[in-house]
Amino acid sequence: MKQSVLFILLFVSLGRIAAQNAEQCVAIAREQMALGNNVVARQMFQRVLFFDRKTYGIECYRELAELNLRTGNFGQSAFYFDLTYQNAKSDSAKNEALVQKAGALLLQEKYTEARREILLIQDQTEEWRKRKLLYLGACSYGEKDFVTSEKVFLQIVGDSANAQRAEVKKHFKKAKKINRKKPKTAKVLSMVLPGAGQLYAGDYRNALNSFGLNALMAYWFIYTTQTFTLGDAVLSTGSWVFRYYAGGYQRAPLLTEEVKDKKLKDNFQSLLRTVQAQ
Amino acid sequence: MKFTILSCLILSSWTLLPAQRPADYQLLDRAFEQKKKQRLTERFSESKQNKNELQLLLSGLFLTYKTVISSQDQNRCSFTPSCSEYGLLAVKKMGVIKGGISTFDRLTRCNGLSGKNYQIDPQTFHLIDHPRW
């Protein structure tokens, strides 16, 4: 009996020495996060959540959300920011979590969902009103609703800054012009003349490449027709001619979307710099 | 005098430092950042590891084909890695003669009729066939 009690006491005391409490775990996890050991940090935070969700829940949710945002897991990040929002006590903490969640959604290009989160913000102060407007403007821009986005950004800039208002209007004029390009038009143009669709999209390198390759194939086809017969040319070169001709017009719409997306994003970044300079 | 010059220098260097962007602007900037396209030499890192001039020439031909011809084509090859990638890998792995024969063998099999003999890659839905002798 005595021996058993002694053993139990010994094990309990050993356990007390070796184990970390939740506070220490959070500290270690933060340290690991700062060092860039994201896997270890994530495991530690999840361990704390498992054992002491009540006390450290909100801290761990926030840190896990930040961690996922940093590592590019934007879906998980939005999930943890949502939990942070649900567990936050004050209005400002709730607002901050909503903004962060909207950011994670914007990073996934989920503009409508991000707008839904932003609209939940309680904008009682001027600072929150401006932040809300900034995100709403970004959401509208992402949804390609440039009219609404322009109105919002003009509100952010204010009535007095005339030069900046003009600059914002210029950016939106440019955005509308970029958005006017249609993938279907690019496809039709490429069908009429190989490379024309790529030229319309604004990708000059691909336009030249497509035109050159198709010209070469056409030359090969004509040469074979003149040297041998039309039947021979169709049999030997027809599939190659069609392959690159079809490839050109099938790629043109995708290329148009790609170039449009790139130009719109560049324009938005430039717009942000203008607004920020205020 | 020295102190004045020093303080002026410190102040001027301070203004030259890039201003820290507020977190909201940084986040939005990141959200509207263009995704970087991988360069061909990064995608096919094997094309950079050449042991002799012949391999260098073949790698060059492969990259030219990928840039000029394959970029204008539809997604036609039924295998993963594609026939051109297979050719490059085979030559690198087995040498010019064996690799060349292996590549010609692959080209004869790339016809859409041999699906049942291979496993399917769940990501690309192409038939998996790596170079082996």
Side-chain angles (χ1 to χ4, degrees), chain A residues 69 74 96 99-100 102-111 114 130-132 134-135 137-139 141-142 194-195 198 205-206 208-214 216-217 240 242-252 255 258 261-273 275-277, chain B residues 14-44 60-80 82-85 87 104 106-113 123-126:
Chain A
L69 195 69
F74 305 128
E96 193 59 52
V99 162
Q100 297 282 349
L105 290 167
L106 282 174
L107 283 161
Q108 295 173 77
E109 300 189 358
K110 292 180 176 172
Y111 303 110
K130 277 205 163 181
R131 284 183 83 180
K132 188 174 174 176
L134 181 66
Y135 278 87
C139 293
Y141 190 95
Q198 284 85 338
R205 194 189 68 85
N206 261 314
L208 192 70
N209 195 348
S210 179
F211 181 75
L213 198 65
N214 276 288
L216 197 73
M217 291 295 153
W240 292 97
F242 182 72
R243 182 171 173 166
Y244 294 111
Y245 172 70
Y249 74 69
Q250 281 178 0
R251 276 179 186 262
L255 208 68
E258 209 177 283
D261 190 54
K262 186 188 176 300
K263 283 184 178 172
L264 281 174
K265 281 180 173 173
D266 285 347
N267 188 48
F268 185 78
Q269 285 183 330
S270 171
L271 173 73
L272 271 186
R273 277 189 286 277
V275 176
Q276 196 196 347
Chain B
W14 181 261
T15 50
L16 284 173
L17 283 173
Q20 181 69 35
R21 299 190 78 185
D24 288 331
Y25 285 95
Q26 273 183 9
L27 195 109
L28 288 175
D29 209 50
R30 195 176 158 200
F32 284 84
E33 202 171 53
Q34 189 61 34
K35 282 174 194 109
K36 272 185 188 168
K37 262 191 173 181
Q38 243 188 336
R39 289 172 68 93
L40 269 179
T41 43
E42 287 166 0
R43 252 174 76 198
F44 307 108
L61 281 173
F62 166 79
L63 289 174
T64 312
Y65 168 77
K66 277 282 176 196
T67 317
V68 181
I69 298 172
S70 180
S71 66
Q72 303 304 317
D73 198 0
Q74 301 160 70
N75 207 357
R76 285 200 167 233
C77 185
S78 47
F79 287 107
T80 182
S82 70
C83 290
S84 53
E85 288 165 53
F104 278 108
R106 162 59 110 66
L107 288 170
T108 59
R109 286 182 283 121
C110 185
N111 49 30
L113 300 172
Q123 280 185 329
T124 57
F125 296 107
H126 287 163

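None of the values given here were measured: they were computed from a predicted structure. Sequence lines set the chain letters: A, B, ... in the order given, protein chains first and strands last, and positions in each chain run from 1.
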Side chain to side chain donor-acceptor pair (under 3.5 Å) partners of A/Gln108, counting only residues at least two apart: A/Lys110
Whether A/Asn214 side chain and A/Ser210 backbone form a donor-acceptor pair below 3.5 Å: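 Yes; at least one donor-acceptor contact below 3.5 Å.
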Quick one: what part of [X] sits under 4.5 Å from any heavy atom of chain B, side chain, backbone, both or neither?
X        : value
A/Tyr249 : neither
A/Leu106 : both
A/Arg243 : both
A/Asn206 : both
A/Leu264 : neither
A/Tyr245 : neither

Name all residues meeting the ring-ring contact (aromatic ring centres under 6.0 Å, His included) criterion together with A/Phe211; count only those two or more places apart in sequence or in a different chain, and write none if there are none.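 In terms of ring-ring contact (aromatic ring centres under 6.0 Å, His included), with neighbours along the sequence ignored, A/Phe211 is linked to no residue.
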A/Tyr244: partners by ring-ring contact (aromatic ring centres under 6.0 Å, His included), with sequence neighbours left out: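 Expected list: none.
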Short N-O contact, B/Glu85 and B/Arg43, less than 4.0 angstrom: no
Could you tell me how the ring of A/Phe268 sits relative to the ring of A/Tyr141: parallel (under 30°), tilted (30 to 60°) or perpendicular (over 60°)? tilted
Pull out the residues in residues 66-73 of chain B that come under 4.5 Å of chain A, heavy atom to heavy atom, sorted by number.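 When heavy atoms of chain A are the reference, residues 66-73 of chain B contributes B/Thr67, B/Val68, B/Ile69, B/Ser70, B/Ser71, B/Gln72, B/Asp73 within the under-4.5 Å range.
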Side chain to side chain contact (heavy atoms under 4.5 Å, CB included) for A/Gln276 and B/Leu28? Distances and angles first, verdict last. CA-CA 12 Å; A/Gln276 196 196 347; B/Leu28 288 175; over 6 Å; no
Take B/Leu27 and A/Leu69, measure what side chain to side chain contact (heavy atoms under 4.5 Å, CB included) needs, and give me the verdict at the end. CA-CA 10 Å; B/Leu27 195 109; A/Leu69 195 69; 4.2 Å; yes
Rounding to 0.5 Å, atoms CG (A/Leu271) and NZ (A/Lys265) come to a distance of 15.5 Å
